[in-house]
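Report on one structure; see the data block that follows.
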Amino acid sequence: MIDPRHRIILHIDMDSFYASCERRENPALAGKPVAVCIFSGRDADSGAISTASYEARALGVKSGMPIKLAKKIAPQAIYLKANFSLYQGISDSIMSIARARFKATQQASIDEIYIDASFEASGDYSIAEKLARELKAEIFEQEMLTCSVGIGRNKLVAKMASDFQKPDGLTIVRFEDTEKFLSPLPVKKLVGIGPKTEEALAKEGITTIGQIAGAESARLVEVFGESRGRWLFDAARGIDNEPVAERDMPAQMSRIGTMKKDSQDPAEIAAFCAGLFETVADDAREAGIAFGTISVMLILANLKMHTKSRKFPRPMSGSEPAVKTEIESLVARFFEENPYAVCRRAGVRVSDLEKKEGQKSLFDY
DNA sequence: CTTCGGCTGACGG
DNA sequence: CTAACGCCGTCAGCCGAAG
């Protein structure tokens, strides 16, 4: 049944993307537990797991886990250093395939894309399913990678559907099936609910999405505040009106890194930040973007993050000496306020971004 | 009163 | 014996100051 009043949204999520890219480049890895690692360089195994293949997950290796811990749990797994330029290239190819087939797309991360297929599917879920299968097939044929696809009435439902069956899944949640699909799921599965909210909901005796939907909206607002309470109330019903639309520009750009040794020396930390700033400034220049605000981020030995920031009176390109001076004074100010801080990682962020004069947006063509 | 600058925290890939 | 720990991005909320 065609119902043009409703959108049909697809969410494509590549399966254990980085690990799958590595396996594609080296078929000997097929069927083996593979963990893609981001090494901090501090010592041989310091760092975190970025992506674990399904075989590695079966051994208990999870993304975000310290590498040392993963190796203790699963010494037999294969640990690889992340190769981001490889993943970026493959991502670009996959995005092109999707964009060639659908007019309304939105890249959500390096390995996820939303598609508004209302037009191509004429509002018909059966057509949408066929288009999704064809897209999966093309991605597999061209890139030798599998993905999981969710189809639903909006981005929220589509994303939760893509998560429902993986890897290589396809889950369709028709408009009228939304409640049936969501209700039994644990609250943590609702995109936007993390550990903290899960805990707070548990205190209310709420563990499933259906229970959120059944809760008093006044109570949700009381516990979680106006905005978040209303969001919970709607999201638990599968209500979400976010459009599928590419963003013109990022809101911020940042680089962060781990120092070889912990430091309490403002000059040393500022120099480290200044080096990272060069790469951010290069990225911004390349994108034709100027920035209004610079921030210094400091992660202390206890892993807590602190920031210091300053808004400039006018947009900066990055080559001005004043920016580096500002980085130094932000770091200095932090240490005046926190004289005994021990810094482990440090970074810089630029925000309040705007297109530089004479730079065309993609949409001007 | 609203807005802004600065900062923290939750969340997600 | 335990704890072990990356990097990038979005958004909301809070606070005090400014308009």
Side-chain angles (χ1 to χ4, degrees), chain A residues 11-19 35-52 62-73 81-82 84 87-88 91 106-114 155-156 159-160 162-163 187-201 224-232 235 242 247 249-259 262 276 279-280 283 292-313 330 333-334 337-338 344-353:
Chain A
H11 180 253
I12 317 298
D13 190 347
M14 300 306 297
D15 298 323
S16 50
F17 183 55
Y18 294 174
V36 176
C37 305
I38 299 174
F39 293 98
S40 70
R42 174 164 279 225
D43 61 59
D45 279 340
S46 74
I49 306 296
S50 177
T51 310
K62 293 194 174 64
S63 79
M65 180 180 274
I67 297 164
K68 286 190 181 84
L69 176 56
K71 286 199 172 180
K72 180 174 178 176
I73 292 171
K81 180 179 183 311
F84 291 106
Y87 315 143
Q88 189 59 60
S91 171
Q106 178 184 357
Q107 182 169 356
S109 75
I110 193 166
D111 75 329
E112 287 175 84
I113 186 164
Y114 289 102
K155 293 205 289 186
L156 177 72
K159 183 167 168 72
M160 294 177 65
S162 71
D163 183 61
V187 296
K188 184 67 176 56
K189 287 283 178 184
L190 190 60
V191 184
I193 294 186
K196 300 290 182 181
T197 309
E198 179 184 33
E199 183 60 32
L201 285 166
F224 297 97
E226 183 68 27
S227 155
R228 188 118 177 109
R230 278 212 321 261
W231 176 82
L232 281 168
E242 288 303 303
R247 303 239 179 143
M249 231 196 341
Q252 56 180 231
M253 304 170 78
S254 67
R255 281 290 183 289
I256 192 164
T258 302
M259 291 183 294
D262 288 355
L276 292 171
T279 73
V280 175
D283 290 353
T293 298
I294 179 96
S295 307
V296 164
M297 300 177 283
L298 302 173
I299 289 103
L300 306 187
N302 62 11
L303 299 184
K304 284 195 90 59
M305 168 143 72
H306 295 260
T307 64
K308 282 285 171 202
S309 65
R310 157 94 194 267
K311 185 175 169 70
F312 292 108
L330 289 169
R333 271 175 47 211
F334 175 80
E337 294 164 22
N338 306 272
R344 177 185 178 90
R345 304 165 58 207
V348 292
R349 172 170 61 218
V350 296
S351 50
D352 290 327
L353 306 185

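For the numbers below, each heavy atom of this structure counts, side chains included, while hydrogens, waters and symmetry mates do not. Residue numbers start from 1 in every chain, and the chains themselves are labelled A, B, ... in the order their sequence lines are given, proteins ahead of strands. For clarity, every value in this text was computed on a predicted model and none was experimentally measured.
Rounded to an integer number of Å, the gap from Q106(A) CD to dT10(C) C1' is 12 Å. Atom NZ of K196(A) is separated from atom P of dA12(C) by 20 Å (rounded to the nearest Å). Between W231(A) atom CH2 and dG13(C) atom P the separation is 12 Å, expressed in whole Å. Taking atom CD of residue Q252(A) and atom C1' of nucleotide dT8(B), one finds them 14 Å apart after rounding to whole Å. Following rounding to the nearest Å, E198(A) (CD) and dC11(B) (P) show an atom-to-atom distance of 9 Å. Between the CE atom of M297(A) and the C1' atom of dC7(C) there is a distance of 9 Å, rounded to whole Å. A straight line from CG of L69(A) to P of dT2(C) spans 13 Å, rounded to a whole angstrom. Spacing between atom CG of D163(A) and atom P of dG13(B) amounts to 8 Å, rounded to whole angstrom units.
Here I193(A) lies in heavy-atom contact (under 4.0 Å) with sugar-phosphate atoms only. Residue contacts shown for K308(A) are limited to sugar-phosphate atoms, with no base heavy atom under 4.0 Å away. Contacts of R42(A) with the nucleic acid, taken as non-hydrogen atoms under 4.0 Å apart, are absent. Contacts of M253(A) with the nucleic acid, taken as non-hydrogen atoms under 4.0 Å apart, involve only primed sugar atoms and P, OP1 or OP2. Among the protein residues, S40(A) comes within range of the sugar-phosphate backbone only, with heavy atoms under 4.0 Å from sugar or phosphate atoms but none that close to a base. Note on G347(A): nothing from the nucleic acid sits closer than 4.0 angstrom, heavy atoms only. Here T197(A) lies in heavy-atom contact (under 4.0 Å) with sugar-phosphate atoms only. Within the nucleic acid shown, D13(A) has no heavy atom closer than 4.0 Å to any nucleic acid atom. Residue contacts shown for K81(A) are absent, as no nucleic acid heavy atom lies under 4.0 Å away.
Taking 4.5 Å as the limit, some side-chain heavy atom of F224(A) sits within range of a side-chain heavy atom of T197(A).
There is a side-chain donor-acceptor pair under 3.5 Å between S46(A) and S40(A).
Searching all strands for a Watson-Crick or G-U wobble partner of dC7(B) with both distances below 3.5 Å returns dG13(C).
Nearer the 5' end of DNA chain C, as judged by each residue's closest nucleotide, is the contact made by R344(A), out of G225(A) and R344(A). Between P250(A) and T258(A), the residue whose closest nucleotide on DNA chain C is further toward the 5' end is T258(A).
Rounded to a whole angstrom, the distance from the P atom of dG13(B) to that of dC5(C) is 24 Å.
With distances taken from any side-chain atom of K304(A) to the nucleotides dG6(C), dC11(B), dG9(B), the minimum falls on dG9(B). Listed nucleotides: dT10(C), dT8(B), dC11(B). Nearest to the side chain of H306(A): dT8(B). Among dA3(C), dG6(C), dC7(B), the nucleotide with an atom closest to any side-chain atom of S50(A) is dG6(C). Which of dC8(C), dC5(C), dG12(B) sits closest to the side chain of K188(A) comes down to dG12(B). For P195(A), whose side chain is taken as the heavy atoms from C-beta onward, the closest listed nucleotide among dG9(C), dC11(B), dC7(B) is dC11(B). Of the candidates dC5(C), dC7(C), dG9(C), dC7(C) carries the atom nearest the I256(A) side chain, counting heavy atoms from C-beta on.
Atom NZ of K159(A) and atom CG of D13(A) lie 6.0 Å apart (nearest 0.5 Å). The structure places CD1 of I110(A) at 9.0 Å from OH of Y87(A), a figure rounded to the nearest 0.5 Å. Rounding to the nearest 0.5 Å gives a distance of 12.5 Å between CD1 of I113(A) and OG of S162(A).
For the pair K68(A) and dT2(C), the criterion of a side-chain N or O lying under 4.0 Å from OP1 or OP2 is not met.
Checked for salt-bridge contact, D45(A) and K72(A) miss the test: no charged N lies under 4.0 Å from a carboxylate O.
For F334(A), the ring pair (Phe, Tyr, Trp, His ring centres under 6.0 Å) partners are H306(A), not counting sequence neighbours.
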